[in-house]
Amino acid sequence: MLMPKRVKHRKMMRGTMKGKATGATTLDFGDYGLRALESGWITASQIEAMRVATVHYLKRLGKLWLRIFPDKPVSKKPAETRMGKGKGEPAFWVAPVRKGRILIELEGVSEKDAREALRRAAAKLPIKTRFIKREGVI
C-alpha cells in the first residue's frame, strides 16, 4: 500500500477541495491519460486497485505513470466510542485530487488498449474521469 515513509505531522486537518488543480494538468510523460472531472479524496487502496486493473489488462506492455500519491492521513475514532477524548488515530492515507488533475498516464500501447485499460481503472475510482490523449498521437 502506498504511504509516505515519514511525515512531519501525524494528523492533518481536512483542508478544502474547492477550485481547479494548478499542477499536473497536462500529459507530461505518456500519450494517454485519465483526467479528474471532479474533486475528491482517492485512498491508497483505490490507487492500488486502479494500478492493478490497468497492469492486468495490458499484461505488462507499455509504461505506466501514477501522477498522484496518498500523502494525507485521515483519522478515525473507533466504533461505539463516546464523543470527546481528542482526535482519533490515523486510519488510512488519501490523495486529495482537484478537478482537472491527471491521475494516470500510459505510453507504448495502442489507443484502443489504452482506452479499455483506463476505463477499467476509472471503474475503481470514486470520482468521474475522462480519457485524454496527447495532441499529434495517431
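None of these values were measured; they are calculated from a predicted model.
Between E89 and K76 there is no salt bridge, since no side-chain nitrogen of the basic residue lies less than 4.0 Å from a carboxylate oxygen of the acidic one. By the 4.0 Å N-to-carboxylate-O rule, R115 lies close enough to E111 to be salt-bridged with it.
Rounding to the nearest 0.5 Å gives a distance of 8.5 Å between OG1 of T25 and CZ of R67. Rounding to the nearest 0.5 Å places CG of L58 at 9.0 Å from OG of S110. Atoms OG1 and CZ, on T22 and R98 in that order, are 7.0 Å from each other to the nearest 0.5 Å. The distance from atom CG of L2 to atom CD of Q46, rounded to the nearest 0.5 Å, is 12.5 Å. Here the CE atom belonging to M13 is positioned 12.0 Å from the OG atom belonging to S75, to the nearest 0.5 angstrom.
V7 has its side chain out of reach of P73: every pair of non-hydrogen atoms, C-beta onward, lies at least 4.5 Å apart. Under the 4.5 Å side-chain criterion, counting only non-hydrogen atoms from C-beta, F29 is not in contact with K63. The shortest side-chain heavy-atom distance between R51 and L64 falls under the 4.5 Å cut-off. F92 is not listed as a side-chain neighbour of M3, based on a closest heavy-atom distance of 4.5 Å or more. Residues W41 and V74 have side chains in contact (heavy-atom distance under 4.5 Å, counting atoms from C-beta outward). For the pair Y57/R119, no side-chain contact is recorded, criterion being any heavy-atom separation below 4.5 Å from C-beta on.
With hydrogens and angles ignored, the 3.5 Å screen pairs no side-chain donor or acceptor of K124 with any backbone N or O of V52. Between the side chain of T81 and the main chain of P78, a donor-acceptor pair closer than 3.5 Å is present. Judged by distance alone, the side chain of K20 and the main-chain N or O of R101 form no donor-acceptor pair under 3.5 Å. Under the 3.5 Å distance criterion, the side-chain polar atoms of K77 are left unmatched by any main-chain donor or acceptor of M83. Put simply, the side chain of R35 never gets that close to the backbone of L103: no donor and acceptor are under 3.5 Å apart. Here the side chain of R120 pairs no donor or acceptor atom with the backbone of H56 at under 3.5 angstrom. When atom types are taken as modelled, the side chain of E116 and the backbone of D113 share no donor-acceptor pair closer than 3.5 angstrom. Side chain of E105 to main chain of D28: a donor-acceptor pair is present (N/O by atom type, distance under 3.5 Å, no hydrogens or angles).
Here the shortest heavy-atom pairing between I127 and S39 reads CG2-O, 4.0 Å.
In the hydrophobic clustering of ILVMFWY residues, with side-chain heavy atoms under 4.5 Å counting as a link, M12 and V94 come out apart. I47 and W65 are assigned to two separate hydrophobic clusters, defined by single-linkage of ILVMFWY side chains at heavy-atom distances under 4.5 Å. V97 and L37 are members of different hydrophobic clusters when ILVMFWY side chains are connected at heavy-atom separations under 4.5 Å.
Results of the side-chain contact (heavy atoms from CB on, under 4.5 Å) test with L34 over L106, L118, I102 single out L118 as the only residue that passes. Tested against I104, the residues T54, T129, L125 include a single side-chain contact (heavy atoms from CB on, under 4.5 Å) partner, T54. Under the side-chain contact (heavy atoms from CB on, under 4.5 Å) rule, P96 has a single partner from I68, I42, T16, D71, which is D71.
Counting heavy-atom neighbours within 6.0 Å of K11 NZ, excluding the residue itself, gives a total above 12. A 6.0 Å sphere centred on NZ of K99 holds no more than 12 heavy atoms belonging to other residues, nucleotides or ligands.
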